[in-house]
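A short write-up of the structure that comes next.
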Protein chains: 2
Amino acid sequence: MQQSGSPHRPDAGDADGLTVGQASARLGVTVRALHHWDEIGLARPSLRTAAGYRLYTAGDLERLHRIVVYREVGLGLDRIRAVLDDSTADVPGALRAQRAQVAERIERLRQLSDGLDRMIDAHERGLLLTVEQQAAIFGPQWDPDWAAQARQRYGDTAQWRQYAERSASRGPEEWQAITDAVAGFDGALGDAMDAGVTPGSPEANQLVERHREVFASYFPLTRQMQVCLGRMFEADPGFAAHYDGIRTGLATWFRQIVDASARAHGIDPDTATWQ
Amino acid sequence: MQQSGSPHRPDAGDADGLTVGQASARLGVTVRALHHWDEIGLARPSLRTAAGYRLYTAGDLERLHRIVVYREVGLGLDRIRAVLDDSTADVPGALRAQRAQVAERIERLRQLSDGLDRMIDAHERGLLLTVEQQAAIFGPQWDPDWAAQARQRYGDTAQWRQYAERSASRGPEEWQAITDAVAGFDGALGDAMDAGVTPGSPEANQLVERHREVFASYFPLTRQMQVCLGRMFEADPGFAAHYDGIRTGLATWFRQIVDASARAHGIDPDTATWQ
DNA sequence: GCTTGACCCTCACGGTGCGTGAGGCAGGAG
DNA sequence: CTCCTGCCTCACGCACCGTGAGGGTCAAGC
């Protein structure tokens, strides 16, 4: 904090000039800024004391004040210099250019704010679609409450974060593509079970790989995580109902082909953890 | 411009990883950014070739992609690092904080834009008051067209610029104070002429000084400029009518006291120029 | 094997407008 | 003579890379 006006030097009326501290107090800028403007030659004091103190005369203060005014509307020091020193400078033109730049920056920031809104929504709700869109994409038996429940359960996991980040950049068409892929996979799964594909067979392992690829739309799935998922699908009533609705026993069969594939990759499915 | 995919290295499917150029093309960021993120440890490639080439694996790309997403909403690299590395980080909280910051910056830019509007108006119109305000402040015989005429005449001079800059930061009350000062000065001028004050007398010289001070509200006035002004007030029909309306012959008398004061300061009023 | 061209590497400066010390005079008060 | 405040001059730091400089690497074509 600058003390404006020491008892022995009343700072006002000293005809020879003001020191940096006095000038800074009067102009509402920092001493460092005055030093800087002096360094770059934008506003140098006309006088110095014998000891080297800067002394700003009335004319200097005049110029400083103009600098402050233009700085307040966001002009860069270079342009201020041009405006002050070049008597042919097009001041209104420079101001208008600046205003255009500012408008542009505002627009960018607004888009950025929109993006942030989407990200926040994605993290908090998990799905950015309207209820109608959700019904159209996920089918009529879709429960719009699913995302909220999922957030309740998984909101603090790294996987939820990745899911949320991706959701933020997905529109309805992309969701449609994903559900199509999932539906296609579910169908293939049921067909394979019907066809008598056995766990551990190349066909079954290929399906397991396909599942990981499809699932990667939500977040990357390690084999270990896939094992856990397979067991959850079998154990969780909701998920089990979904798979058993496709073919009776499909949830269990899926768990079996995942386990077999994991074993083939050196993972013990009975000790696999979510990582 | 990066060529994505040279004929001999199809850039897709190389299981061991992508080079910087390939990764940059895929992510839409520059190679330099990848280098930078590596330097600061935000995203380092898991692999290097024997020659030292960076190789980004699928997992690396995963992380890079998350970085890009968060960078697009304006998060700083430090905060991105926190969001990615600190599993206890409050992501929605960070996003909301960012949104608040963005809103703040938008607000500042809006005010800045308003300031620019005022400045532009000041440079182009000279007066920022409504016609009613002008009438209230300058009196009923004020011609609202004065500012436009003045800009026609003086718009390209340094003095007009200073006038415009100051106008931009003046409200109605300040204009009122200025017109009050001017009116007070005009009255004192008439009284002095009535009282028989003679050009060159201390009283007359004091009035000349007071005129310079009062006039400084518009722009700083040198003594030379004041001489020119005195002659213009006498010669210009509009200005002459104003002063002679106060006291007959006041325009001429004012020119005389200015001339005398100038002579006392070593200026020849007959060769004085506007500088 | 040599050239060519496209990539890749590691420094390292620069830009914007000062903030923030560090170390040391200058000048008045007690 | 000491103390305190204000002033001085360096000089680094910041956020995020852009932009060379100077020099290897890799695959292809001759």
Side-chain angles (χ1 to χ4, degrees), chain A residues 1-11 14 16-45 47-56 64 67-68 70-81 98 101 105, chain B residues 1-11 14 16-45 47-56 64 67-68 70-72 74-82 98 101 105:
Chain A
M1 283 290 151
Q2 303 282 345
Q3 290 274 31
S4 77
S6 61
H8 56 280
R9 195 163 195 190
D11 120 325
D14 264 11
D16 48 347
L18 303 184
T19 65
V20 273
Q22 294 161 355
S24 79
R26 194 165 290 194
L27 291 162
V29 302
T30 65
V31 171
R32 182 63 180 95
L34 293 177
H35 282 175
H36 183 59
W37 298 346
D38 184 4
E39 275 171 31
I40 64 171
L42 175 61
R44 17 195 45 155
L47 299 175
R48 291 265 190 159
T49 69
Y53 286 26
R54 275 164 259 256
L55 288 182
Y56 291 96
L64 286 172
I67 292 174
V68 169
Y70 282 115
R71 196 186 62 152
E72 272 169 4
V73 296
L75 280 197
L77 299 189
D78 281 8
R79 276 198 283 201
I80 294 179
R81 191 201 305 267
Q98 176 69 9
Q101 272 193 24
R105 283 166 58 188
Chain B
M1 280 293 148
Q2 301 283 344
Q3 290 274 29
S4 79
S6 61
H8 56 279
R9 197 165 192 187
D11 118 327
D14 263 10
D16 49 348
L18 303 185
T19 65
V20 275
Q22 294 161 351
S24 80
R26 192 165 291 195
L27 292 162
V29 302
T30 65
V31 171
R32 182 64 178 96
L34 294 177
H35 283 173
H36 182 59
W37 299 346
D38 183 4
E39 274 170 31
I40 64 171
L42 175 62
R44 18 195 45 156
L47 299 176
R48 293 262 190 161
T49 69
Y53 285 25
R54 276 165 259 256
L55 288 180
Y56 291 96
L64 286 172
I67 291 173
V68 169
Y70 283 114
R71 197 186 63 152
E72 273 170 3
L75 279 196
L77 300 189
D78 282 8
R79 278 201 279 202
I80 294 179
R81 190 201 306 268
Q98 176 69 8
Q101 270 192 27
R105 282 165 59 187

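Each chain gets a letter, A, B and so on, in the order the sequences are listed, and its residues count up from 1. Because the structure is a prediction, the values reported are computed rather than measured.
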Roughly how far, to the nearest 0.5 Å, is OG1 of Thr19(A) from CG of Leu55(A)? 7.5 Å
Would you indicate whether Arg105(A), at its atom CZ, is surrounded by more than 12 heavy atoms from other residues, nucleotides or ligands within a distance under 6.0 Å? no
Roughly, in whole Å, what's the span from CG in Asp38(A) to P in dG17(C)? 17 Å
Leu64(A)/Arg26(A) under side chain to side chain contact (heavy atoms under 4.5 Å, CB included): CA gap, chis, key distance, verdict: CA-CA 10 Å; Leu64(A) 286 172; Arg26(A) 194 165 290 194; over 6 Å; no
What is the separation between atom CG on Leu27(A) and atom C1' on dC18(C), rounded to the nearest whole Å? 16 Å
For a quick test of reading the model: is some side-chain N or O of His35(A) closer than 4.0 Å to OP1 or OP2 of dC18(C)? no
To the nearest angstrom, how far is Leu34(A) atom CG from dG19(C) atom P? 10 Å
Where each residue is assigned the nucleotide of DNA chain D containing its nearest heavy atom, which of Gly52(A) and Arg32(A) is assigned the position nearer the 5′ end? Gly52(A)
Return the value, rounded to whole Å, for the distance between atom CG of Leu75(B) and atom P of dA15(D). 14 Å
With a 4.0 Å cutoff (strictly under), does any side-chain N or O of Arg54(A) reach OP1 or OP2 of dC8(D)? yes
Taking any heavy-atom pair under 4.0 Å as a contact, classify Leu77(B): base, sugar-phosphate, or nothing. sugar-phosphate
Name the nucleic acid region contacted by Arg48(B), choosing base, sugar-phosphate or nothing; use a 4.0 angstrom heavy-atom cut-off, strictly under. sugar-phosphate
Whole-Å distance between dA6(C) P and Gln22(B) CD? 16 Å
Please report, rounded to the nearest Å, how far the P atom of dC18(C) is from the CD atom of Glu72(A). 12 Å
Check whether the side chain of Tyr53(A) and the base of dG27(C) form a donor-acceptor pair under 3.5 Å. no
Please give, in whole Å, the distance from dC8(D) P to Glu39(A) CD? 11 Å
To the nearest angstrom, how far is His36(B) atom NE2 from dC11(C) atom P? 16 Å
Look at Thr19(B) and dC8(C) and indicate whether a side-chain polar atom (N or O) is within less than 4.0 Å of OP1 or OP2. yes
Using the side-chain heavy atoms of Arg71(B), tell me which of these nucleotides is nearest: dT25(D), dA26(C), dC17(D). dC17(D)
With a cut-off of less than 4.0 Å, is there a side-chain N or O of Trp37(A) near OP1 or OP2 of dG17(C)? no
Nucleotide of dA11(D), dG27(C), dG18(D) approaching Thr30(B) most closely (side-chain heavy atoms): dG18(D)
Residue of the set Arg32(A), Arg44(A), Arg54(A) for which salt bridge (charged side-chain N to carboxylate O under 4.0 Å, His left out) holds with Glu39(A): Arg32(A)
Distance from Leu27(B) atom CG to Leu34(B) atom CG, nearest 0.5 Å? 6.5 Å
